[in-house]
Amino acid sequence: MRTHTCGELRLDNVGQEVTLCGWVDMYRDFGGVLFVDLRDRYGKTQVVFAPEGGKELVDAACALRSEFVVLVRGKVAPRPEGTVNPKLDTGAVEVRAEHLEILNKALTPPFQPSAKELPGEDLRLKHRYIDLRRPEMQRTVLLRHRMVKMMRDYFDALGFVEVETPMLGRSTPEGARDYLVPSRVQPGTFYALPQSPQLYKQILMVAGYDRYVQVARCFRDEDLRADRQPEFTQMDVEMSFINAEDIIGIIDGLVARLAKDVLGLEIKLPLPRMSYDEAMNRFGHDAPDLRFGMELIDVSDLAAKAEFKVFRGAVEAGGRVRGINAKGAADRYSRKGIDELTAYIVENFGAKGLVFFKVESDGKLASPSAKNFAPELLAEIGRRMEAAPGDLLLLVADKFETTCKALYGLRKRLGAELKLYDPATMNFSWIVEFPMFAPDTEEGGWTAMHHPFTAPRPQDRKLLETDPQACRAQAYDLVINGYEAGGGTIRIHDQELQQQVFGLLGIDAAKARERFGFLLDALQYGAPPHGGIALGVDRLVMLFAGLDSIRDVIAFPKTQRATDLMTGAPGQVDDKQLRELGIKLPGK
RNA sequence: GGGGGCGUAGCUCAAUUGGUUAGAGUACCGGACUGUCGAUCCGGUGGUUGCGGGUUCGAUUCCCGUCGCCCUCGCCA
């Protein structure tokens with residue numbers, strides 16, 4: 001139908017007879033002459049309806065409204081002097097209309113794609129077809145396409161094979177809550193949508209496809225966040241005959257390629273690495289935002305000597321006293337502001353309170369709590385925290401885990417409030433040497449930090465018997481700007497070791513057989529050493545696009561309550577459908 | 001499940017201590033206008049203040065409940 005798109009006409013095209021198709025973005029009616037900005041995903045072009053084209057044509061153009069779909073034929077002309085629009089790529093030319101067809105009318109849209117003010121997100125989601133017309137959304141959709149293609153090309157060039165794995169699988173109680181799909185053919189039984197293709201990709205390793213990759217849709221029925229959707233996409237990778245270094249090296253190369261091609265950034269390789277313990281000690285979290293400092297400082301040894309019961313008591317109870325130094329922020333936070341920070345960590349992270357000191361011009365630490373400290377001890381705490389006049393010291397006394405959570409939260413919040421970093425900068429790093437196990441708070445014993453197939457570091461294998469908590473895994477997380485952008489492990493391929501780990505996790509032989517017997521079987525038929533990683537595609541695109549919600553990089557996302565405002569999903573189904581599935585709803 | 005924020009015209013927002021007919025910009029409709037590009041000018045339509053209840057002489061405003069959207073803790077091997 002069309003000869004050109006709305007984004008490509010230039011002075012070179014002057015004199016050509018062209019046909020454009022698109023949506024009416026704006027129209028400006030001057031009575032005699034009428035301008036229409038025609039828009040498609042390639043750009044906008046100004047179309048002029050002038051009396052020279054005939055009265056009928058101008059009259060027809062007068063009937064145009066926002067978002068009508070039209071076809072226009074006409075001649076490309078240079079714009080008269082002084083009317084060139086430098087804001088448009090096509091702004092040097094215009095199309096003098098000779099023919100107009102309204103391909104389709106449109107209702108008055110609930111909002112206009114070119115509106116300056118963004119409407120509420122619920123309205124955007126309900127009318128996603130309008131929202132997706134917005135240039136910003138189109139830019140993101142295109143960016144996502146390009147990034148996924150780059151990744152596919154990158155892996156393809158390295159000999160990876162993309163294999164599709166089933167969506168209808170088997171529920172395994174570990175990990176997140178499953179989305180279940182009832183079986184009609186086997187009444188009373190259910191498939192589970194994959195939380196990740198983890199087991200299948202390991203099976204593929206056993207089957208000899210030593211370099212596997214898949215753009216894999218994953219499903220987890222857990223509560224949503226700005227960076228979490230119930231269905232999301234992983235760039236899923238698995239390799240055989242490799243170690244953690246090989247995986248990290250390949251992903252290093254991928255990240256550098258993406259940074260170069262998408263952002264024009266030269267990234268120095270290898271990407272820096274930090275151990276899990278170091279991350280927890282310095283930042284209180286296993287995915288720290290390394291774009292700024294304000295590290296956590298431990299003053300437990302000094303706190304133990306204080307009169308101050310809050311401090312001494314915490315240390316005597318086996319806890320810690322740690323804090324952060326918000327440089328120069330003493331004046332930024334009034335007493336009320338500090339009360340807010342206190343409420344924030346008490347309500348959100350279970351901290352008992354927040355102790356603060358403002359550093360005065362003479363270097364002394366001032367605070368309602370100061371009287372509980374010997375001056376020399378206070379000075380020592382100040383030195384430890386590198387206190388300078390104008391600084392605000394914030395300290396939390398609690399169990400180690402609580403100080404981590406509270407100070408991580410404070411650091412994140414203050415980092416943003418005090419603008420301690422440029423949001424446009426990108427920081428890539430690896431967190432490595434994760435613990436194999438975390439204490440199971442509900443049932444006692446241990447739970448897997450990653451999943452039950454994660455291999456311990458070879459040198460830590462004997463710790464499985466003596467000190468499981470000290471045992472480190474061959475696990476690695478890719479962290480970008482404080483987000484976990486990916487994570488992976490080397491898997492256990494040895495039956496004996498697998499049994500040992502199952503034992504620690506409280507998975508007995510019968511249970512293991514029932515849940516993933518097929519994997520255990522496969523591992524006995526010649527499983528190569530293998531491992532892999534999965535990258536969160538939505539988060540990667542979000543970070544590269546400089547956005548802070550993955551909903552903005554997903555064409556049709558769900559709301560926080562996991563509904564689709566456009567389709568109305570999830571919805572009720574017919575009784576007949578339920579009967580066929582053998583499902584009876586309570587109260588029916 | 002817990003904490004917090006928001007909900008007023010199609011859209012983005014305002015409305016004094018609880019007080020007269022709930023306003024503005026934009027969109028929309030009508031009119032004028034031959035070079036605009038956020039066109040301009042004139043006129044107009046448009047409201048169950050999310051919904052339900054309560055307090056009050058009087059509620060957009062205060063209280064309770066409920067629904068929706070967002071942020072967050074728990075949760076997310």
Side-chain angles (χ1 to χ4, degrees), chain A residues 25-38 44-53 58 65-67 77 79-88 90-91 94 96 107-112 114-127 130 172-178 195-196 198-199 218-230 232 340 343-351 405-406 409 412-413 434 436-438 440-442 446-454 473 475 484 487 489 501 505 507 515-516 536 548-549 551 558-561 563 565:
Chain A
D25 193 65
M26 296 270 203
Y27 56 94
R28 295 174 291 280
D29 183 353
F30 283 78
V33 63
L34 193 138
F35 301 94
V36 171
D37 295 333
L38 203 59
K44 291 181 203 174
T45 299
Q46 173 163 285
V47 180
V48 187
F49 296 88
E52 298 81 68
V58 176
R65 292 295 178 268
S66 286
E67 303 306 307
R79 292 203 189 186
E81 210 175 316
T83 66
V84 168
N85 186 351
K87 288 187 207 161
L88 285 184
T90 61
E94 60 193 13
R96 302 278 169 84
L107 296 175
T108 301
F111 59 95
Q112 296 194 299
S114 324
K116 243 173 47 176
E117 283 168 328
L118 200 60
E121 190 174 8
D122 43 352
L123 197 75
R124 293 172 51 207
L125 291 175
K126 184 173 177 193
H127 303 278
I130 308 283
T172 54
E174 277 77 25
R177 202 174 290 114
D178 284 320
Q195 296 180 24
S196 81
Q198 181 62 37
L199 302 182
C218 306
F219 304 85
R220 294 179 189 175
D221 186 5
E222 298 292 347
D223 284 353
L224 285 72
R225 289 284 190 282
D227 63 347
R228 275 166 32 190
Q229 282 273 303
F232 60 100
E340 274 173 26
Y344 174 64
I345 63 167
V346 169
E347 284 162 18
N348 282 318
F349 308 107
K405 286 179 182 171
K412 194 166 158 182
R413 177 169 167 165
F434 281 80
M436 279 287 284
F437 308 102
D440 188 332
T441 45
E442 281 166 31
W446 305 101
T447 85
M449 195 91 166
H450 276 80
H451 55 69
F453 316 108
T454 301
E484 181 191 330
T489 64
V501 170
L505 295 173
I507 302 173
R515 290 183 191 173
F516 16 75
D548 49 21
S549 165
R551 291 188 300 275
K558 306 261 187 304
T559 66
Q560 189 159 55
R561 293 200 49 238
T563 62
L565 293 181

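Order of the sequence lines fixes the chain letters, A, B, ..., with proteins taken first and strands second; residue numbering starts at 1 for each chain.
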Quick one: label A:Arg79 by what it contacts on the DNA or RNA (base, sugar-phosphate, nothing), any heavy atom closer than 4.0 Å. base
For a quick test of reading the model: is some side-chain N or O of A:Gln112 closer than 4.0 Å to OP1 or OP2 of B:U26? no
Please report the distance, rounded to the nearest Å, between CG in A:Leu34 and P in B:C33. 14 Å
I want to check one thing: is the phosphate of B:G38, taken as OP1 and OP2, less than 4.0 Å away from some side-chain N or O of A:Lys87? yes
With both distances under 3.5 Å as the test, what is the Watson-Crick or G-U wobble partner of B:G30? B:C42
What does B:G68 pair with, Watson-Crick or G-U, if both distances are under 3.5 Å? B:C6
Taking any heavy-atom pair under 4.0 Å as a contact, classify A:Gly120: base, sugar-phosphate, or nothing. sugar-phosphate
Could you check whether A:Phe35 gets within reach of a base, just the sugar-phosphate, or nothing at all, counting any heavy atom under 4.0 Å? base
If you look at every strand shown and take non-hydrogen atoms under 4.0 Å, does A:Pro119 touch a base, only sugar-phosphate, or nothing? sugar-phosphate
Are side-chain heavy atoms of A:Phe437 and A:Met449 found at a separation under 4.5 Å? no
Using both distances under 3.5 Å as the test, list the Watson-Crick or G-U wobble partner of B:U55, or none. none
Whole-Å distance separating the CG atom of A:Asp29 from the P atom of B:G30: 11 Å
Counterpart residues, side chain to side chain contact (heavy atoms under 4.5 Å, CB included), relative to A:Pro80 (two or more places apart): A:Thr83, A:Glu94, A:Arg96
Rounded to whole angstroms, how far apart are NZ on A:Lys126 and C1' on B:C67? 15 Å
Any strand, both distances under 3.5 Å, Watson-Crick or G-U wobble: B:A15 pairs with none
Taking atom types as modelled, is there a side-chain donor on A:Arg228 or A:Gln560 under 3.5 Å from an acceptor on the other? no
Under a 4.0 Å N-O cut-off, is there an ion pair linking A:Arg220 with A:Asp178? no
